[in-house]
Peer 1: 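I have a structure here, written as structure tokens, and I will follow up with some questions on it.
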There are 2 protein chains.
Amino acid sequence: MKARVRKDEKVEVDIVAAMRERISTHAIPPGSKISEAHLAEEFGVSRTRVREALTELEFRGLIKRIPNRGAEVIRLDLTQVFEIYDAREALEGMAVRLATQKAPPETWQEWVELLREGGPMEKLLEKGDVEGYFLVYERMRRRIIEAAENPVLAGMLDSILEKTRVIMRRVQILPGRAAAGLAEHRAFINAMRTGDAERAEQLRRANIRSAIATLKRYQNFIL
Amino acid sequence: MKARVRKDEKVEVDIVAAMRERISTHAIPPGSKISEAHLAEEFGVSRTRVREALTELEFRGLIKRIPNRGAEVIRLDLTQVFEIYDAREALEGMAVRLATQKAPPETWQEWVELLREGGPMEKLLEKGDVEGYFLVYERMRRRIIEAAENPVLAGMLDSILEKTRVIMRRVQILPGRAAAGLAEHRAFINAMRTGDAERAEQLRRANIRSAIATLKRYQNFIL
DNA sequence: TGCAACATTTTTGTTTACAATGCTGTCTAC
DNA sequence: GTAGACAGCATTGTAAACAAAAATGTTGCA
């Protein structure tokens, strides 16, 4: 599969972007060895530029480089996943707090309605459309981070999530997780709607801790 | 000033490490232009390796690269400093929480004694030795992060702090800041000593918010 | 003198070539 | 038949050469 790129574009970023996507979706599975020469051939650039791209991917924590032995896609063990979730709890909590403080409460009205009892989101889950639910949830999440107006926070969450994207999706389909998630999402978005930043943060953090607990219980099925 | 390095060492990391130190201490002031050729000459390596080092520094947020115009040391404005502090509040809070949960309460006894009313730390401040206080505080901070056993969190805090190292020191010498810091540090370390993770986190976050407030009041003197 | 166009120099961006290291497969000795 | 040594190959690491872009300097003209 050759994803050749037009010469007149900034291919540098394209290499990094393409590889981020492939790795975070497990299109290239964890543990895979990465050949500099192959990538150079595929993207039609010299190895030097591939190596610069690899430097960035390494710093993003997506690949691991062993001197004189090349690079391979990082493989997260359960310990690392829990580490990431703890960091994520802190950051997502703060994002919710800041978003609540900075955006007018009406901002969240549309999500309140989507998530209300007997509302569209609940209907999605009743249909078993976990994927659809996840998509809307992701949009809401991005909206919150946008409203938090904090690029530093946003960057950290980004780099965290691209490492656990696949795992997050798997957690969603664990027994009872989606339903529990719905109730918890409803809880924190309602707090945001009333402008109670402190409470919204607490509820958001509880939501993530609840996901961690589910993950812990079913850990053998995830990795 | 030539900081030439022995050939048989891993100079790659040395370039990055050296530059991180210089930038975070403002040995190279914000806004300075960085010449690839000069660095190559100084470290005795080719420009190729310098460029790889710059790629990493850029991703760490220490330098800014403009295509075809080279790299320069990042210059933080007040907005960005506040963004960083908000992220830091979340992360340091979580670090305190995790450390309290994971390490035995006796771990913190030595710091409780250092910080107690009329104790050595208070004496330091009475002597006006803010620098000395800061050094011990930094050691305690590192100990907490170590006890939190979360490399992801640790890495994020690291990358945040090296961008605001100089500013953090300046905040310490603001009127009344050191004394207020002492009281707040005493409060959260005491909570850690009693094993109350929730309360310790709250107090730690309050401590950082208090620093933010001081910074806000004296913002014109800082930047 | 001011300034605009062009030439020169400097600096960055990219490729190519070379060196060093690790891996693999074969051959030999026991 | 197996273990160890050695040779050849593949891959990574580094440097140098080349290309392109931007910055600077210079000249000519109004």
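All chains are named by letter (A, B, ...) in the order of the sequence lines, taking the proteins before the strands, and each is independently numbered beginning at 1.
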Peer 1: According to side chain to side chain contact (heavy atoms under 4.5 Å, CB included), who are the partners of A:Arg47, at least two apart in sequence or on a separate chain?
Peer 2: A:Glu36, A:Ala40, A:Arg51
Peer 1: Would you list the pairs meeting ring pair (Phe, Tyr, Trp, His ring centres under 6.0 Å) in which at least one residue belongs to residues 81-102 of chain A, sequence neighbours left out?
Peer 2: none
Peer 1: Suppose we call a contact any N or O donor and acceptor under 3.5 Å apart; does that hold for the side chain of B:Ser46 and the base of D:dA16?
Peer 2: no
Peer 1: Which residues pass the ring pair (Phe, Tyr, Trp, His ring centres under 6.0 Å) test with B:Tyr137, not counting sequence neighbours?
Peer 2: B:His185
Peer 1: In whole Å, I'd like the distance from the CZ atom of B:Arg49 to the C1' atom of D:dA16.
Peer 2: 14 Å
Peer 1: Grab the CD1-P distance between B:Ile63 and C:dT12 for me, whole Å please.
Peer 2: 11 Å
Peer 1: What N/O pairs connect the protein and nucleotides 7-12 of chain D at under 3.5 Å? Give each pair on its own line.
Peer 2:
residue, atom, partner, partner atom, Å
D:dT12, OP1, A:Ile34, O, 3.4

Peer 1: Whole Å only: how far is the CG atom of B:Leu54 from the C1' atom of C:dG13?
Peer 2: 13 Å
Peer 1: Given atom CD of A:Glu58 and atom P of D:dG13, what is their separation to the nearest angstrom?
Peer 2: 10 Å
Peer 1: Around atom NE2 of B:His26, are there more than 12 heavy atoms of other residues, nucleotides or ligands at under 6.0 Å?
Peer 2: yes
Peer 1: Name all residues meeting the salt bridge (charged side-chain N to carboxylate O under 4.0 Å, His left out) criterion together with A:Arg69; count only those two or more places apart in sequence or in a different chain, and write none if there are none.
Peer 2: none
Peer 1: Tell me the ring pair (Phe, Tyr, Trp, His ring centres under 6.0 Å) pairs involving residues 200-223 of chain B, sequence neighbours left out?
Peer 2: none
